[in-house]
Amino acid sequence: MTQKESRSHLYMIWSSMKRRCENPNMPNYKYYGAKGIKVCGEWHSFPKFKEWAKANGYVDGLSLDRIDSSRDYEPDNCQWMALSDNATKSLERIVTVDGVEGNVRAWAKLLDCSPGNISYHIYGKGVPVEEFIRRRARYGKNQRVVRNPSERTVKAMRRLNRKLVELTESVGALQGELDFSEEQRLSESPVLEVTA
């Protein structure tokens, strides 16, 4: 292999495929190698992979896609796709939370957020996607996630929550007083009778 070849887009695709399936230190390993996804023996050789790629329509700018995402990287389970088509395919990924299934677009619409927000969590950059969906469904879009908060932050959040409860109770009490005084005012006002 030449130095030019080792810097090619195709070589980068091949190298990335192997790393995410075989190197536990890679960030995406948990989605591939840790789930049992492997690279077939034939494709451990870059020249063999390159031969398959050229025979199956590879040109720069395409990305490698597994047709069945539960199967390995092997010739009969892979195809070349435009990056935009591959991104669209990822929006159709099914996410199951507490027995409820939906693709990324459906969850995003339900939770009033962008599909990119959900994908961010799917690919391990935030909290696990199931946790994100549960929190978003429970607390709405204004909920903020604080990872590993300090003791001081936890105490401040507890004080804020107590204040919110107190304010909610005060508003409820004021509303009750307003309703009572409105009823009293109506009962004291003279009633006009209209006779024909």
Side-chain angles (χ1 to χ4, degrees), residues 1-137 141 145 147:
M1 174 178 12
T2 66
Q3 187 174 11
K4 181 180 177 186
E5 206 172 40
S6 69
R7 293 181 181 162
S8 70
H9 182 67
L10 183 59
Y11 184 85
M12 296 301 171
I13 290 171
W14 174 77
S15 178
S16 294
M17 168 187 68
K18 286 183 55 187
R19 282 194 314 264
R20 67 179 162 257
C21 291
E22 298 168 1
N23 184 348
N25 297 322
M26 295 303 295
N28 284 339
Y29 177 81
K30 61 185 164 190
Y31 304 113
Y32 297 89
K35 291 186 175 183
I37 304 299
K38 297 177 183 70
V39 175
C40 71
E42 179 184 352
W43 281 3
H44 275 88
S45 157
F46 177 69
K48 290 284 188 184
F49 177 76
K50 181 180 175 183
E51 184 182 312
W52 173 86
K54 297 294 183 184
N56 285 278
Y58 173 78
V59 292
D60 281 345
L62 294 179
S63 66
L64 185 61
D65 173 63
R66 283 177 300 133
I67 297 164
D68 179 347
S69 62
S70 66
R71 289 182 45 209
D72 295 340
Y73 282 99
E74 52 196 4
D76 65 335
N77 189 42
C78 289
Q79 63 186 352
W80 294 106
M81 285 185 124
L83 286 172
S84 59
D85 292 340
N86 212 351
T88 300
K89 184 179 175 188
S90 72
L91 294 177
E92 300 307 319
R93 179 177 176 166
I94 301 297
V95 177
T96 304
V97 178
D98 300 331
V100 178
E101 280 188 357
N103 65 23
V104 171
R105 288 181 187 177
W107 281 114
K109 186 173 184 178
L110 180 70
L111 300 172
D112 191 26
C113 66
S114 73
N117 201 340
I118 296 197
S119 293
Y120 178 84
H121 294 279
I122 285 175
Y123 294 111
K125 295 181 181 168
V127 296
V129 69
E130 295 82 2
E131 184 179 338
F132 170 76
I133 289 172
R134 282 188 202 103
R135 287 180 181 182
R136 184 74 178 228
K141 71 180 183 179
V145 177
R147 296 177 107 192

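The figures that follow rest on heavy atoms only: side chains count, while hydrogens, waters and symmetry mates do not. Keep in mind the model is a prediction, meaning the values are calculated, not measured.
Salt-bridge formation is not detected for the pair R134/E130: no Lys NZ or Arg NE/NH1/NH2 atom is positioned less than 4.0 Å from an Asp or Glu carboxylate oxygen.
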Discussion item. Could you go through R71 and D76, starting from their C-alpha distance and side-chain angles, then the distance that decides it, and tell me whether this counts as side chain to side chain contact (heavy atoms under 4.5 Å, CB included)?
Written reply: CA-CA 10 Å; R71 289 182 45 209; D76 65 335; 3.3 Å; yes
Next item on the list: Take H44 and V39 through the test side chain to side chain contact (heavy atoms under 4.5 Å, CB included) and record every step on the way to the result.
Entry: CA-CA 7 Å; H44 275 88; V39 175; 4.0 Å; yes
Go through it in stages, so that I can follow the logic: the residues are I118 and C113, the test is side chain to side chain contact (heavy atoms under 4.5 Å, CB included), and I'd like the CA-CA distance, side-chain angles, deciding distance and then a yes or no. CA-CA 8 Å; I118 296 197; C113 66; 3.9 Å; yes
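In this structure, R135 CZ and L111 CG are separated by 13.5 Å, a value rounded to the nearest 0.5 Å. Note that CG of D112 and CZ of R136 are 6.0 Å apart. Values are rounded to the nearest 0.5 Å. Remark: Y58 OH to H9 NE2 distance equals 4.0 Å, nearest 0.5 Å. In this structure, the separation between CD1 on I133 and CG on D98 is 9.5 Å, given to the nearest 0.5 Å. A distance of 9.5 Å separates SG of C21 from NZ of K38, quoted to the nearest 0.5 Å. Note that CG of N77 is 8.0 Å distant from CG of D72, once rounded to the nearest 0.5 Å.
At a threshold of 4.5 Å between non-hydrogen side-chain atoms, the residues V97 and W107 count as touching. L64 places a side-chain heavy atom less than 4.5 Å from the side chain of F49. The closest side-chain heavy-atom distance from L10 to F46 is below 4.5 Å.
Judged purely by distance below 3.5 Å, without hydrogens or angles, the side chains of R66 and Y32 never pair a donor atom with an acceptor atom. With 3.5 Å as the limit, one finds a donor-acceptor pair spanning the side chains of S15 and R19.
Aromatic ring pairs are classed by plane angle as parallel below 30°, tilted from 30° to 60° and perpendicular above 60°; the pair W52 and W80 is tilted.
For the pair W43 (side chain) and Y73 (backbone), a donor-acceptor distance under 3.5 Å is absent.
In terms of the side-chain hydrogen bond (donor to acceptor under 3.5 Å, both in side chains) criterion, S114 has no residue partners (sequence neighbours excluded).
The minimum heavy-atom distance between R7 and M12, with the atom names listed, is CA-CE, 4.1 Å. The two atoms that bring H121 and N117 nearest to each other are CD2-O, 3.0 Å, heavy atoms only.
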